[in-house]
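Report on the following structure.
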Amino acid sequence: MVRSSERGSVVGFIVVGLILAALVLGGVYLTKQYIAGKLKIGGTNVAKVDTKDTTKTDNATDTTEETNAEKQAEKEQAEKAAEEKAAKEAEATKQAEEKKQQEEERAAQAAKDAAAAKKAAEAKQAETNESAKTIPHTGVDSLPQTGPAETLFSAIIVSILLGSIVAYHHSSRVA
């Protein structure tokens, strides 16, 4: 029995899926264009405004109006900033030296540990070799083979499973 009424649902599902995929791709494209500043909205080009350019012109007019006291304060701030920067650099080099020394100590400890582990492994290998020499050999080189009883048991299990499936199929069929 063929159900032809479901065919329209599948076609509708495919069409709606394609439309949604196109909308998502279009949205991604428009977002990228907007971010890049290439998209025109309402007849005007939408672009990023660089605030650095506007502040440069404002600063040019302010520098002509500054007084000597303000210039002196700026010089003092610059000197203070330079001293703080030098102090920070000195602290950073000190921390780098301490870190380097700690790494060297760790590397030395790791080398000692590796040497001790190698020595222990060699001692264990020597013990294993000596214990292997003392194990008696039984003369059996292959595994035992299974007999016909194990094969018969597997065949019975498969037959029961297959019979259960056939019985279920016959009982679920509507006459």
Side-chain angles (χ1 to χ4, degrees), residues 1-53 88-89 91-175:
M1 182 164 65
V2 178
R3 296 182 184 175
S4 61
S5 63
E6 291 182 6
R7 206 176 298 160
S9 299
V10 173
V11 172
F13 177 75
I14 291 172
V15 169
V16 170
L18 290 175
I19 291 172
L20 289 175
L23 286 174
V24 168
L25 292 175
V28 169
Y29 176 75
L30 290 176
T31 303
K32 284 186 177 183
Q33 292 298 319
Y34 181 76
I35 290 173
K38 296 179 182 177
L39 185 66
K40 290 185 178 182
I41 296 178
T44 59
N45 193 8
V46 177
K48 294 180 182 178
V49 177
D50 191 10
T51 57
K52 293 179 183 177
D53 293 337
K88 287 180 182 178
E89 288 176 358
E91 182 67 27
T93 55
K94 183 180 176 183
Q95 289 178 353
E97 289 174 0
E98 290 175 359
K99 188 175 182 181
K100 184 178 179 181
Q101 184 180 10
Q102 289 175 354
E103 288 177 1
E104 289 174 355
E105 290 173 0
R106 288 181 192 152
Q109 184 65 30
K112 288 179 185 177
D113 292 344
K118 184 177 179 183
K119 190 174 183 180
E122 289 173 354
K124 187 175 182 180
Q125 182 67 26
E127 288 178 14
T128 305
N129 287 342
E130 287 193 20
S131 65
K133 292 178 184 176
T134 60
I135 296 175
H137 187 61
T138 60
V140 178
D141 292 334
S142 63
L143 295 174
Q145 296 182 1
T146 57
E150 286 84 7
T151 306
L152 182 62
F153 181 71
S154 298
I156 291 172
I157 296 296
V158 170
S159 299
I160 291 172
L161 182 63
L162 185 60
S164 300
I165 291 172
V166 170
Y168 174 76
H169 180 67
H170 282 295
S171 69
S172 66
R173 194 182 329 167
V174 177

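Residue indices begin at 1 and follow the sequence shown.
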Partner residues of Leu152 under the side-chain contact (heavy atoms from CB on, under 4.5 Å) criterion, sequence neighbours left out | Ile156
According to the side chain to side chain donor-acceptor pair (under 3.5 Å) rule, which pairs have a member within residues 108-118, sequence neighbours left out?
-> Gln109-Asp113
Could you pull out all residues at least two apart from Leu25 that satisfy side-chain contact (heavy atoms from CB on, under 4.5 Å)?
-> none
Tell me, do Val24 and Leu20 make a side-chain contact under 4.5 Å, heavy atoms counted?
-> no
Residues that Gln125 engages under side chain to side chain donor-acceptor pair (under 3.5 Å), provided they are two or more places apart | Asn129
One should read off an interatomic distance between Glu103 CD and Arg106 CZ, to the nearest 0.5 angstrom, of 7.0 Å
Rounded to the nearest 0.5 Å, the CD atom of Gln102 sits from the CD atom of Gln95 at a distance of 10.5 Å
